[in-house]
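I have placed the structure first, in the form of structure tokens, so that the comments after it can refer back to it.
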Amino acid sequence: MRLAPNPNGPWHLGSARMPAVIGTYKELYDGWMLCRFDDTDPETKRPDLDAYDSILDSIEYLGFEPDEIVKASDRVETYYDYARNLIEKGGAYTCSCDGETFSELKNSAEACPHRSKDIDTVLAEFDAMVRGEYASGEMVLRVRTDIEHKNPALRDWVAFRMVDTPHPRSEAAEYRCWPMLDFQSGIDDHEFEITHIVRGIDLQDSAKRQAFVYEYFDWEYPEVVHWGHVQIDEYDISMSTSTIKALIESGELDGWDDPRAPTLASLRRRGIRGEAIVNAMVELGTSTSNVDLAMSAVYAHNRELVDGDADRLFFVRDGVEKTLIGGPDHAEPPVHPDHEERGSRDIPVGGRVLIEPDDVPPNGERVWLKGYGPVRHTRDAFEFTGEDIDIVRNESVDVVHWVPADENIPVRLRTMHGDEHGHAEPRITTYRTDDVVQFERIGFARIDSHEEDETVSYFTHP
RNA sequence: GCUCGCUUGGUGUAGCCCGGCCAAUCAUAUUGGCCUUUCGAGCCGAUGACAGGGGUUCAAAUCCCCUAGCGAGCACCA
């Protein structure tokens, strides 16, 4: 199997599908996986030098490791060799038609005059291409397929073209004659003995095009599966590398890991495990129709992975302060309700607490401060009533979360929809970067950093 | 326009190749209840789909045809 990313930027969520599914198949059938960077267009799909490593990082985050990593731009000589070989077999010819002219001929199933050149001329002209003696657009090498094929998409397609712009990788900067994807990929899949290919429906015709080359060389084409596009709900921002890049450059996003961006870096920072993404992607299957990935599916998988380990904490957004009259001066809610052995949290209550505005009961009504006890809202204070927990069960008194008004830690919670500010119980400072906790009644969050004036956390999901 | 492909509940998926065991699977979602000092977890229940129309057949989600909708390729992009 192989992954064939185009290194033109950090990965978004949709990019995860390829490694998720291919990596899973590899593990399932004890296969072999190549990561091949298809970076053969220095101009329109100009490679981003940082993307090579960032993509490998993302693959690791998802939990996979390629058995071999190559860059197509290191293999240009190999493609030249195969091209010469193909020319000698009469399978390709150099063509100096401009794109429009050829397109018209092709659409009327007519051969262009260059199609009948003799092999020696073609070889000589191809070598001139390799030496960079033509400018962009002046000469291409075409594969001789079937100019009358009923599908115009398959007629004599371009295998090599001239590109004036140097490749950003210095190792490849001297090449001017570059292979097109269908040629390069077709050669490499055979060279690396790839047995199974999974790719998008946009490449539906690739196998049919490459089949002509395979036939000239008498190779067997790998099994191929095409899948549709993935759309993802819940995001306001489009899942397009160029769109995200533009928003970052204009300052609307903080970076590739901004929680509002549909990128893998963002999900990682939110504390979502790669495995959850993989599970959700694998569930999508490989159907050729377009599919919608619901973020709730990713969340459901992640919740399953993190719930057991996530310690519970209180975090109050936009806290309303209430004086507490009577009652104990400590609260000891459990660290995790399903794991008594992890002990309890010791929260110093002080004389005042903060609770969320929506949780303040009407005057005269009661509320149960979770892990502490029952209080009644009287005038501007909470009066401890000392009643039994049965009032929660039988009299539908609400249970709410709270923090001490004095001993607490300011916390910023970064979410997909913007930042929220509030206060958490002191214990939050004992967690380290990357720990995932659950803010009770709010949701899971990843601890990002402890700054001087506040703790920064990222909202994972409910 | 030419060519190729797809269409099962809100979402994803199984089944389709080799017609009957499909009054259609599982997950998620929504929702009701139980439990619970969380709107988390767990348990029980409910909701909800074969794009439409013809045909073949004793029998069609499954095979054939037509229509509609969606998508892709027809690039010197990947």
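Chain naming here is simple, since letters A, B, ... match the order of the sequence lines and numbering starts at 1 in each.
Summarising the geometry, the separation between CE on A:M281 and C1' on B:rU11 is reported as 14 Å, rounded to the nearest angstrom. Counting to the nearest Å, the P atom of B:rG40 and the CD atom of A:E440 are 12 Å from each other. Nucleotide B:rU7 holds its C1' atom 13 Å from the CG atom of A:D292, rounded to whole Å. Spacing between atom CD1 of A:I197 and atom P of B:rA78 amounts to 16 Å, rounded to whole angstrom units.
Within 4.0 Å (heavy atoms only), A:F444 reaches sugar-phosphate atoms of the nucleic acid but no base atom. Contacts of A:P337 with the nucleic acid, taken as non-hydrogen atoms under 4.0 Å apart, include base atoms. As judged by a 4.0 angstrom heavy-atom cut-off over every strand, A:N6 is placed among residues touching the sugar-phosphate backbone only. A:D38 comes within 4.0 angstrom of the backbone, heavy atoms only, and of no base. When heavy atoms are screened at a 4.0 angstrom cut-off, A:D39 is found touching no nucleic acid atom at all. The residue A:Q438 sits close to a base: some heavy atom pair falls under 4.0 Å. Residue A:L293 is out of contact with every strand shown, counting any heavy-atom pair closer than 4.0 Å. Residue contacts shown for A:R312 include a base, since a base heavy atom lies under 4.0 Å away. Among the protein residues, A:C97 comes within range of the nucleic acid bases, having at least one heavy atom under 4.0 Å from a base atom. Residue A:S185 is out of contact with every strand shown, counting any heavy-atom pair closer than 4.0 Å.
Both A:Q184 and A:V291 lie close to RNA chain B; mapped to their nearest nucleotides by heavy-atom distance, the more 5′-ward contact belongs to A:V291. Mapping A:M180 and A:K208 onto RNA chain B via the closest heavy atom, the residue that lands nearer the 5' end is A:K208.
Judged by distance alone, the side chain of A:H401 and the main-chain N or O of A:F315 form a donor-acceptor pair under 3.5 Å.
In this structure B:rC58 sits in a base pair with B:rG20, meeting the Watson-Crick or G-U test at under 3.5 Å. With a cut-off of 3.5 Å on both Watson-Crick or G-U wobble distances, the partner of B:rA78 is given as none. For B:rG40, there is no paired nucleotide, since no Watson-Crick or G-U wobble pair has both relevant distances below 3.5 Å. Nucleotide B:rC70 has B:rG5 as its partner under the Watson-Crick or G-U criteria, with both atom distances under 3.5 Å. Across all strands shown, B:rG45 forms a Watson-Crick or G-U wobble pair with B:rU31, both key distances being under 3.5 Å.
The cationic atom of A:R317 (NZ for Lys, CZ for Arg) does not lie both less than 6.0 Å from the six-membered ring centre of A:F439 and within 45° of the ring axis.
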Query - Residue pair A:E125, A:K117: steps toward the salt bridge (Lys or Arg N to Asp or Glu O under 4.0 Å) verdict - result: CA-CA 11 Å; A:E125 288 183 348; A:K117 283 180 204 168; 2.7 Å; yes

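Among A:R115, A:R209, A:R144, A:R142, the single residue meeting the salt bridge (charged side-chain N to carboxylate O under 4.0 Å, His left out) criterion with A:D156 is A:R115.
An OP1 or OP2 oxygen of B:rA75 is reached within less than 4.0 angstrom by no side-chain nitrogen or oxygen of A:T44.
No donor-acceptor contact under 3.5 angstrom links the side chains of A:D127 and A:Y80, judged on distance only.
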